[in-house]
Amino acid sequence: MMIGNKIKMGKILFFLSVSILSIASAQEKSAWLAPHTLKQLASAPTALIPFPQKAKWNNGAFRLQQNITILYQANDSLKNSAIALQDVLQQAGIKSNISAIKKGIPHKPGSIVLKKDAGLNIQKEGYHLKISNSGIEINGKDAAGVFYAVQTIRQLIQQDKRTVSLPTCEIEDWPAFSLRGFMHDTGRNFQEINSLKQQLDRLAAYKFNTFHWHLTDNPAWRPESKIFPQLNDPKFRKAGRNPDKSYSFDEIREIINYAAVRHIKVIPELDMPGHSAYFEPTFGFKMGSPQGMDVLEKLIDEFCAEIPVKDCPIIHIGSDEVHIDEPKLFITRMSARLKKNGRQPMVWNPGLKAEKGTIEQLWRDEETNDFQNITNPYVDSYAGYLNSSDALTLIRRYFFQQPCNREQSDSLALGGILCCWPDTRVEDKSKIFEHNPVWPGMITYSEALWCGRPQYEPVYMAKLPASGSDAWKHFNEFEKRLANHRDRFFKQDPFPFAAFSNVEWKIEGQGNITGGVLNFDDLINSGQLKAPENDTINLSTYLYSDREKEIYAWVGFETAARSTRKSAGLPEQGKWDANGGYIQLNDKNLPGPTWSAPGQYRYLEHTWFSPPNEIPFTDEEFYWSRKPVKISLKKGWNKLKVHSKRSYKEQDWMFAFVPVKLNNEHKWVEDLSIFIKSTM
């Protein structure tokens, strides 16, 4: 197709997009129910995540002046929020003064006032925020509500070269779920205290209130033990997994106190009786034995004596993925010991059968509607593993996930916990955040937990909605907000995300599908795609360019879960896929990338408890952390054909193609200038 000028091309592209979107909308007749309308989302002057429950924008601005006064009710918790707000303003270049409100003395015009009122007609952790031309008023249901209003102000700040301002507005906001958590496994890969503090800062900024601290696993028992110091002896721990690293009780208390200031409760996990390979070499008997249970009871007593119940009312004891002789005796004894110390037990489900009153954490990675059969309080971690799939697939799943299959918390459904399990050895701990979508995943999940989801559509756990449908429009809108937060707040942090909903494909013999990342296993298992008899899928799309040029794209054929090295590995030199997949551009084979380690890392079975699991992943092994591929486009339409093949039974069968470009911070982000449609 030859285009004479830009105006003509614009009209044609508009006609094509409208036509295709109309067809897609007709295919998906039922509208996806969202907590906010697209009009409400578009009305916000800045990108907010999680989006407030109710907001009224008044089309004005409150200009922040130097040495502005922050007033707070005389209360230590509110003083902490005032200090947090002072830090937020300092980051924007605004100096402020903090002072307690003095009875009988009127507020100075232009001040920021922080109050709490337990009688406020709003849910716990909720707040009212009013920004007018004359000042800012925060009124929280409790201290947490005041703190979360500060986090909203952080996102509302607008800056240019001369001014720092906030849009005038009235916001009423509260969380849909009472427990909003993030779990990190430091038993397998130790992380320093400063790193954990940075993570807590990030969690607090997005209104998470729970940090699930997985302190022990097969490589090591990480907490200090004074009664059994051999637990901290490197010779009984896994070599190469920081065997000399433990957390002292002072450090554990330090993290708990640091979290508390940010209204985050810490749930420590002492995993038992599974995930405990270190135990038998240390003591000479297994955890599930009578002697092992005696030791564990003493360890529980020691931990509880060091960590006060007010700071740590819930303790997680794992209990999953294990077979022992007397499971009922074990869980009864350990639960009783926790209760004797005033703690509420928490366990994984599936796992040993929980005692009455125990919190159960559901960790199935497949869809389940079994929540109604649980009589204990529970937390949802379904599809909540940040290392279980490729980075962008998880963003889709977290956006459409309805925690606990409920719109909001009830007496049993507490909320959700997103889990990061870097199981394989990690040498450079910063790679955890580059090889897993920790921050984009966490931010996306924060919206599901805080706003709630009025509707659950299991099909969207397997695929993106069709282009032009209501559900697609909501996801596409969220991508823009997520990209905005990446560019504003994560300039120096790994943030593996680029918008991918604008890509469309035609699957040979099966119709059209949306998304720059397609997981064929998910599509086949959910009935959205027929399983091909020859284990081969052919797909195609068209890329339009207004001139000859080179573009870059993330391209991937298989993603290994970071809990195991199972994958076909890197392709041979010049190839695209170790499973036999290839790409054609304009009917010519496109040469594959130049690999640094061609043909390496091929393990077609799970590598748990074997030497390959001790080989750290490299950037080259993930399509989002390696250098994007360069593709030369001709002027006009360019046909891209992909041949994807399954070569072994447990292959993670998927394909990714996402155009990207470098931004000002030299970070690869979406390139939305590339027009991609399934038909020309």
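Basis for what follows: all heavy atoms, side chains included, without hydrogens, waters or symmetry-related copies. Values in this document were obtained by computation on a predicted structure and should not be read as measured data. Numbers here are sequence positions counted from 1.
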Inter-residue atom distance L543.CG - N586.CG, 0.5 Å rounding:
9.0 Å
Say whether, by atom type as modelled, one donor and one acceptor occur between the side chain of R180 and the main chain of F208 under 3.5 angstrom.
no
Closest heavy-atom pair, P437 versus L394, reported as atoms and distance to 0.1 Å, is CG-CD1, 3.8 Å
Examine distances only and state if a side-chain atom of Q53 and a backbone atom of P175 form a donor-acceptor pair shorter than 3.5 Å.
no
Short side-chain donor-acceptor distance under 3.5 Å, E621 and T618
yes
F489 versus Y206: any side-chain heavy-atom pair under 4.5 Å?
yes
Knowing that exactly one of F478, F497, Y445 qualifies, which makes a ring pair (Phe, Tyr, Trp, His ring centres under 6.0 Å) with Y398?
Y445
Flag this pair as yes if the NZ/CZ of R565 is under 6.0 angstrom from the six-membered ring centre of Y601 and inside a 45 degree cone about the axis; otherwise no.
yes
Evaluate the side chain to side chain contact (heavy atoms under 4.5 Å, CB included) criterion for residues D577 and F655: first the C-alpha distance (whole Å), next the side-chain angles of each, then the deciding distance (0.1 Å), finally the verdict.
CA-CA 10 Å; D577 176 28; F655 177 71; over 6 Å; no
Interatomic distance, T541 atom OG1 to N638 atom CG [nearest 0.5 angstrom]:
11.0 Å
Under 3.5 Å, is there a donor-acceptor pair linking the side chains of N579 and S647?
yes
Within the supplied structure, the quantity of interest is the number of heavy atoms (other residues, nucleotides, ligands) at a distance under 6.0 Å from N664 CG; does it exceed 12?
no
Counting C-beta onward and ignoring hydrogens, is there a side-chain heavy-atom pair between R646 and F520 closer than 4.5 Å?
no
Answer yes or no: is there an ion pair linking K677 with E504, defined by an N-O contact shorter than 4.0 Å?
yes
With rounding to the nearest 0.5 angstrom, report the CD to CH2 distance, Q600 to W595.
13.0 Å
Should the pair F490 and W439 be assigned to parallel (<30°), tilted (30 to 60°) or perpendicular (>60°) ring geometry?
tilted
Taking side chain as C-beta onward, heavy atoms only, is F400 less than 4.5 Å from P465?
yes
As a quick check of understanding, evaluate side chain to side chain contact (heavy atoms under 4.5 Å, CB included) for W576 and H643, giving each step before the final call.
CA-CA 10 Å; W576 286 99; H643 175 95; over 6 Å; no
Testing V642, V555, I583 for side chain to side chain contact (heavy atoms under 4.5 Å, CB included) with L590, which one passes?
I583
Please check if atom CD in Q573 has more than 12 non-hydrogen atoms from other residues, nucleotides or ligands closer than 6.0 Å.
yes
Does this structure show an ion pair linking K641 with E508, if we count only N-O contacts that are shorter than 4.0 Å?
no
State the NE2-CD1 distance between H485 and I49, to the nearest 0.5 angstrom.
4.0 Å
Cut-off 3.5 Å, side chains only: do N436 and N387 have a donor facing an acceptor?
no
Please say which of Y460, F399, W32 ends up in a ring pair (Phe, Tyr, Trp, His ring centres under 6.0 Å) with F475.
F399
Applying salt bridge (Lys or Arg N to Asp or Glu O under 4.0 Å), name anything that partners E670, two or more places apart in sequence or on another chain.
R486
Classify the angle between the aromatic ring planes of H36 and F51 as parallel (below 30°), tilted (30 to 60°) or perpendicular (above 60°).
perpendicular
Does the ring centre of F500 sit less than 6.0 Å away from the ring centre of W554?
no
Verify, without hydrogens or angle tests, whether N476 (side chain) and W472 (backbone) share a donor-acceptor contact under 3.5 angstrom.
no
The side chain to side chain donor-acceptor pair (under 3.5 Å) partners of D160 (sequence neighbours excluded) come to T163
Please answer whether the main-chain N or O of H606 pairs with a side-chain N or O of T564 as donor and acceptor at a distance below 3.5 Å.
no
Any donor-acceptor N/O pair, R562 side chain to S388 backbone, under 3.5 Å:
no
Could you grab the distance from atom CD of E457 to atom CD of Q402, nearest 0.5 Å is fine?
10.0 Å
Could you state the interatomic distance from NZ (K530) to CG (L523), rounded to the nearest 0.5 Å?
14.5 Å
Salt bridge (charged side-chain N to carboxylate O under 4.0 Å, His left out) pairs touching residues 440-452, sequence neighbours excluded, are E447-R481
Can you see whether K480 engages N484 through a side-chain donor-acceptor pair at a distance of less than 3.5 angstrom?
no
D493/R202 ion pair, N-O < 4.0 Å:
yes
Quick one: do the Y623 and D390 side chains pair a donor with an acceptor below 3.5 Å?
yes
Report yes if some heavy atom in the side chain of F657 is under 4.5 Å from a heavy atom in the side chain of I631; otherwise report no.
yes
If you count heavy atoms of other groups shown closer than 6.0 angstrom to NZ of K645, is the number above 12?
yes
So F433 and H184, would you call those rings parallel, tilted or perpendicular, with 30° and 60° as cut-offs?
perpendicular
Closest heavy-atom pair and its distance - H474, A34:
CE1-CB, 3.3 Å
Check the side chains of D652 and T559 for a donor-acceptor pair under 3.5 angstrom, ignoring hydrogens and angles.
no
Are Q361 and S381 close enough that a side-chain donor and a side-chain acceptor fall under 3.5 Å?
yes
For I524 and P532, which heavy atoms make the closest approach, and how far apart are they?
CD1-CD, 4.1 Å
Can you check whether F177's main-chain N or O pairs, donor with acceptor, with R406's side chain at less than 3.5 Å?
no
If the threshold is 4.0 Å, N to carboxylate O, is there a salt bridge linking D619 and K431?
yes
For K54, is the NZ atom crowded, meaning more than 12 foreign heavy atoms sit under 6.0 Å from it?
no
